[in-house]
Every structure is written in structure tokens, then in C-alpha cells.
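As C-alpha cells, the structure follows; a few thoughts come after it.
Labels below follow one simple rule: chain letters A, B, ... track the order of the sequence lines, proteins then strands, and each chain is numbered from 1.
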Amino acid sequence: MLDIKYIRENEVEVSERLSTRGGEFDISQVLNLDKKRRDLLKEVEALKERRNKVSTEVGELKKEKKDAKDLIAEMGLVSGKIKEFDKEISTLEEDLKALMLSLPNLPHESVPVGSDESANKVERVVGTEPVFDFEPKDHIELGETLGIIDFERAGKLSGARFSLMLGAGAMLERALINFMLDIHTQEHGYTEALPPFLVKSDSFFGTGQLPKFEEDLFKIEGLDHYLVPTAEVPVTNIHREEIIDEAELTKAYAAYTPCFRKEAGSYGKDVKGLIRLHQFSKVELVKLTTPENSYEELEKLTTNAEEILKRLGLHYQVVTLSSGDMGFSAAKTYDIEVWLPGQKTFREISSCSNFEDFQARRASIRFRKKGEKTRFVHTINGSGLAVGRTLVAILENYQEEDGSVIIPEALRPYTGGLEKIEKK
RNA sequence: GGAGAGGUGGCCGAGCGGUUGAAGGCAGCUGCCUGCUAAGCAGUUGUAGGGUUUAUGCUCUACCGAGGGUUCGAAUCCCUCCCUCUCCGCCA
């Protein structure tokens with residue numbers, strides 16, 4: 001959520017920056033409601049002041065056994081008016097809040113302006129494309145042939161966009177989760193978190209998935225709970241409605257969760273394979289920090305995510321998303337894209353964003369420096385990494401001509417020493 | 001699932017429907033005192049939203065789990081919901 005005071009004082013600028021995201025955003029309506037609200041507040045608060053004063057007087061008169069009929073009668077009217085005003089104000093506030101919740105974050109000044117991904121900017125390319133002296137297969141064929149991914153039976157169990165990992169496939173996924181968590185917690189200083197996978201709606205408003213993107217979420221029937229689409233939701237909300245001592249910042253968490261997404265509107269895209277599933281594993285990195293440090297922390301977090309790819313010897317590039325390609329809540333986003341020989345293209349494997357105070361304002365996560373006013377923290381998060389897609393990258397990049405797959409050396413302590421996955 | 005108890009400020013803990021943003025204690029901060037520390041004394045210490053001010057500030061309103069209601073007036077009465085704790089049952 002944006003700062004209403006900032007909008008008030010910088011109408012033109014806010015309007016211009018929002019317009020770079022594509023779509024129309026009506027700031028004047030916001031300001032209109034805000035003005036009305038403040039006008040009404042002034043009136044009702046004057047009435048309330050009067051009521052408070054008179055009510056005290058009534059109390060005193062009664063104590064002295066004096067007559068207070070007239071005052072009580074007058075206050076009956078005043079109270080009625082107050083009720084009407086309050087009602088009007090709360091309607092206004094609801095409308096205003098709904099509008100405010102629907103406005104996306106302002107892009108940071110360093111974000112390339114453009115309407116879609118064609119304006120994205122490649123920051124760096126790391127490693128080189130692996131060379132094969134045969135035609136590399138995609139992970140679907142590799143996984144099925146090796147008997148480590150069973151898409152057909154996954155369909156029987158759960159339908160399209162689900163996976164069933166077996167044998168070395170299941171172990172590889174588990175190994176990757178542990179590998180990632182160990183590096184982030186032991187070497188990068190993150191605190192491990194294992195949050196609930198079912199979370200209530202308040203938290204989804206906090207991080208920005210609600211109210212706008214409900215169609216992407218799995219809701220539990222009869223409850224206020226949703227399945228987490230990313231650990232970002234529970235982990236960022238750990239400190240919802242808290243005031244954190246500045247000395248405790250930066251807080252950094254690493255969390256594994258399965259992620260559940262409806263993938264509405266992606267019909268026909270990546271229908272096969274592990275790329276786009278209703279359920280996938282992800283290790284997420286989340287930071288809460290001060291406004292002064294947030295952009296530096298975004299760089300660090302992105303580097304932390306990249307480290308996993310480096311250790312696995314995977315070729316990737318880092319891209320800054322353009323204003324039109326960024327997610328709703330982000331002020332700046334780096335996508336990390338890994339090279340997939342089976343598709344001969346880079347695919348997103350991590351998305352690292354600084355949300356500035358956009359989520360913190362929604363979730364009311366604040367901090368206090370001694371002797372200063374409370375301020376909203378800045379929140380940052382990124383995948384570190386998407387586990388399923390990492391598995392895809394390993395299968396496709398480390399395949400041999402006979403369809404077997406070499407396990408990257410860094411991962412072998414986690415695979416019980418297994419060096420190669422072969423067809424049985 | 002059954003039975004009971006309870007949710008008040010950073011923490012503990014009072015609170016008759018009226019001057020209570022909230023006694024008292026602890027912790028914190030600021031002075032005084034003191035060779036230093038401790039003790040002692042005095043003062044001070046919440047959040048949000050308005051208004052006003054160049055600013056420190058001043059002022060108003062709201063907030064005692066959440067939301068409704070009764071009343072001139074509610075932390076205090078009524079209703080609904082949420083959460084926590086204890087006992088029993090069940091269970092990984």
C-alpha cells in the first residue's frame with residue numbers, strides 16, 4: 001500500500017510513476033475520498049469533543065443530585081449525529097482502503113521503464129552454455145526414462161500440473177532442499193523457518209496477494225485459510241503488527257515450503273513437465289530491514305540465491321524487470337534465469353524483489369530507532385531457489401548421451417554419495 | 001469432540017457505568033544526590049488518525065482481544081466471533 005500522505009503531497013509524480021506500470025490508476029479519486037474523509041473527521045471530532053465534555057458535566061450534576069435533563073436531551077441528538085457521521089466515515093474509509101489496496105507499488109528509479117519483458121535489462125550472464133555432442137533431451141523425457149518422475153500416475157492421483165517423484169528423483173529433490181537451506185543458514189546467516197502451509201487471509205493482504213489475486217490461490221472450503229503460494233506469505237507476516245527494535249534488523253529468514261498455485265490464466269503454457277505445477281517445492285529468502293539498507297540487502301539476497309546456481313555449476317543470467325513486467329507489490333525485481341538445454345532457453349528460477357514499505361504498510365511491520373519515531377520496515381524476498389526448476393536444470397544440464405544424469409559434485413554429500421542417476 | 005477459566009499499557013497487575021490513557025509495581029529514560037556503583041528522591045515514558053506550527057511543540061479524536069449493541073456517558077452491561085490456558089477423550 002502506498003502512503004496516503006505521500007500521494008497527497010506528490011500527486012503528479014505518483015500518477016506518472018504508476019502509469020509506467022501499464023494500466024490506468026485513478027489517483028484523483030483517492031484524493032477525493034481522502035479529502036472528504038478529513039472534512040468529515042473534523043466535524044465529527046468536534047461533536048465528540050462536545051459530547052465528552054457534556055457527559056462529564058452530567059456526571060457531576062448527577063453527583064450533586066441536580067437536574068441534567070436538558071443536557072441529556074441535547075446529547076441524545078448529538079449522539080445521533082455522531083452515529084451518522086461515523087457511519088458515513090467508515091463507508092468512505094472502506095472505499096478508500098479498497099482503492100488504496102488496488103494500487104501497485106511505485107517502481108524504483110533504477111527500474112527500466114517499459115510495458116513488458118522486452119524492456120527488461122540483462123545485468124550479468126554467469127557461466128557458459130554447456131556443449132553437447134548429441135541432441136540434449138528435455139527433463140520430461142529424461143525423468144520418465146530414468147523412472148524418477150511419473151507424470152502419468154501423478155495425473156491419476158491429482159490431475160494435470162502435479163508431479164510424482166520416485167527413487168532418485170525424490171531423493172534429489174530432498175537433497176536440493178537441504179543443500180539450499182544449509183548454505184543459506186550456515187554460510188549466509190539466515191535463520192531457518194518452517195512455517196505453516198495453511199495461512200489465514202490477513203497475511204495474504206499483508207504481502208499483497210489479496211484482495212487482487214485471489215484467483216491464483218487455493219482456498220480451504222469453510223475456513224479463512226489458503227494454501228501458501230510461497231513461503232513469502234507466512235514468513236514476511238511473522239512480524240505483522242509488531243514494532244521491532246532497530247538493533248534487531250536486518251532480520252533474515254530462509255524457509256522451505258511446498259507452494260500451491262492455481263496457475264489460472266496459464267492454460268496452454270508449460271502444460272507438461274515440472275516447470276509449472278499446482279504444487280512445487282521452494283526455498284525462500286526473506287529479509288526485513290531499514291529503508292537505508294534495503295537496496296543493499298536486495299543485492300546481497302540476489303547474490304545469495306545466485307550462489308546456489310554457482311555451486312551447482314549451472315549457467316544463468318540476472319535480469320532487472322521493467323516497470324511493466326514487475327509484480328504488483330515490488331518496487332524493484334531481479335529475476336534469475338537458468339539455462340535449460342532441453343528448451344534451449346533461460347527460464348526463471350528465482351525472483352528477488354525489494355518491496356520497500358509497500359508490504360510493511362499493509363502488514364503494519366514497523367521498527368524503532370531509539371529516540372525516534374516508528375517507521376515501516378522494508379521487506380525483501382527472493383527464491384533461493386525454486387527446487388523443482390533447479391531439478392529440471394540439473395537433469396537437462398548434466399545429462400549424458402545414454403540418458404543418465406551426473407549429480408553435481410556439490411550435491412553429493414546430500415545424495416548419500418550417489419554420483420550418477422542411471423536407468424535401472 | 002466434552003467441561004471449565006481467562007484475554008487491560010514493554011512486562012506484572014488493579015479497575016463501583018461518569019473527572020481512567022487507564023491505580024500500584026517492575027523495567028526504561030531524564031534530572032538531583034554520590035569519590036564510583038548501588039540505594040534514595042523528583043519527573044518522565046504507548047499507538048494511530050485529524051488540526052495547528054518553520055520546527056521542538058501544542059491540541060482534538062480513537063484505541064483496555066475483534067466486531068456489533070444498550071446509554072447523555074462503557075475497560076466496566078448485553079450479543080457474536082477470535083485467541084490462550086486447565087481437565088477429560090482422541091490422535092502422529
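- In this structure, the side chains of A:Glu284 and A:Val235 stay at 4.5 Å or more apart for every pair of heavy atoms.
- Among the protein residues, A:Val54 comes within range of no part of the nucleic acid, since none of its heavy atoms lies under 4.0 Å from any strand.
- For the C1' atom pair drawn from B:C79 and B:U71, the interatomic distance equals 16 Å after rounding to whole Å.
- What separates NZ of A:Lys42 from P of B:U52 is a distance of 6 Å, to the nearest Å.
- With P as the reference atom, B:G21 and B:G13 are 23 Å apart, rounded to whole Å.
- Across all strands shown, A:Leu71 has no heavy atoms under 4.0 Å from either base or sugar-phosphate atoms.
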Indicate for each nucleotide in nucleotides 54-70 of chain B, in 5' to 3' sequence, whether protein heavy atoms under 4.0 Å reach the base (B), only the sugar-phosphate (S), or nothing (-). ------BSS-------S
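- Of the nucleotides present, none pairs with B:C16 by Watson-Crick or G-U wobble criteria with both distances under 3.5 Å.
- Rounding to whole angstrom units, CE of residue A:Met100 and C1' of B:G49 are separated by 14 Å.
- The pair A:Arg375-A:Glu292 meets the salt-bridge criterion, with a side-chain N (NZ, NE, NH1 or NH2) lying under 4.0 Å from an Asp/Glu carboxylate O.
- Side chains of A:Ile149 and A:Leu395 form a contact here, defined as non-hydrogen atoms less than 4.5 Å apart.
- What separates CZ of A:Arg375 from C1' of B:A48 is a distance of 18 Å, to the nearest Å.
- Across the strands present, B:G21 finds no partner; the criterion is a Watson-Crick or G-U wobble pair with both atom distances under 3.5 angstrom.
- Regarding A:Asp245, its CG atom lies at a distance of 15 Å from the P atom of B:C11, rounded to whole Å.
- Comparing A:Glu93 and A:Glu60 against RNA chain B, the residue whose closest nucleotide sits nearer the 5' end is A:Glu60.
- Between B:G9 and B:A27, the distance separating the two C1' atoms is 13 Å to the nearest Å.
- Annotation: B:A23 and B:C82 have their P atoms spaced 33 Å apart (nearest Å).
- Note on A:Ser79: a side-chain N or O is less than 4.0 Å away from OP1 or OP2 of B:G73.
- Nucleotides B:C77 and B:U61 have their C1' atoms positioned 24 Å apart, rounded to a whole Å.
- As a whole-Å value, the separation of A:Ile72 CD1 from B:G17 C1' is 13 Å.
- Under the Watson-Crick or G-U wobble criterion, with both distances below 3.5 Å, B:C36 has no partner in any strand shown.
- Nucleotides B:C29 and B:C83 place their P atoms 38 Å apart, quoted to the nearest Å.
- Ring geometry for A:His184 versus A:His188: interplanar angle of 30 to 60°, hence tilted.
- For B:G10, the OP1/OP2 oxygens have no side-chain nitrogen or oxygen of A:Arg368 closer than 4.0 Å.
- For B:C63, the paired base is B:G46 (Watson-Crick or G-U wobble, both distances below 3.5 Å).
- Between A:Phe204 and A:Tyr226, the ring planes are tilted. Angles from 30° to 60° get that label.
- Contact of the A:Leu321 side chain with the A:Glu117 side chain is not registered, since no non-hydrogen atoms from C-beta on lie closer than 4.5 Å.
- In this pair, A:Phe328 and A:Phe213 present their aromatic rings perpendicular. The plane angle is above 60°, beyond the 30 to 60° band.
- Listed by chain and residue number, nothing satisfies the side-chain hydrogen bond (donor to acceptor under 3.5 Å, both in side chains) test with A:Arg174 (two or more places apart in sequence, or in another chain).
- To the nearest whole angstrom, the two C1' atoms, one in B:G1 and one in B:C12, are 35 Å apart.
- OP1 or OP2 of B:G50 lies within a sub-4.0 Å distance of a side-chain N or O belonging to A:Arg8.
- Taking atom CD of residue A:Glu242 and atom P of nucleotide B:C11, one finds them 12 Å apart after rounding to whole Å.
- With a 4.5 Å cut-off on side-chain heavy atoms, A:Arg8 and A:Leu31 count as touching.
- Between the P atoms of B:A75 and B:U56, the separation comes to 31 Å (whole Å).
- Atom CG of A:Asp34 is separated from atom C1' of B:G50 by 11 Å (rounded to the nearest Å).
- Among pairs with a residue in residues 409-424 of chain A, those fulfilling side chain to side chain donor-acceptor pair (under 3.5 Å) read A:Asp182-A:Tyr414, at least two apart in sequence or across chains.
- Figure legend. B:C26 is base-paired to B:G10; pairs are counted as Watson-Crick or G-U wobble with both atom distances under 3.5 Å.
- Remark: A:Thr374 is in phosphate contact with B:A48, judged by side-chain N or O atoms under 4.0 Å from OP1 or OP2.
- Across all strands shown, nothing is found opposite B:U56 as a Watson-Crick or G-U wobble partner with both distances under 3.5 Å.
- Heavy-atom nearest nucleotides on RNA chain B were determined for A:Ser55 and for A:Arg37, and the one closer to the 5' end corresponds to A:Ser55.
- For the pair A:Asp3 CG and B:G49 P, the computed distance is 9 Å after rounding to whole Å.
- When both pairing distances are held under 3.5 Å, B:U70 makes no Watson-Crick or G-U pair with any nucleotide shown.
- Partner assigned to B:G1 is B:C88, using Watson-Crick or G-U wobble distances below 3.5 angstrom.
- Remark: A:Arg366 is not in phosphate contact with B:U47, judged by side-chain N or O atoms under 4.0 Å from OP1 or OP2.
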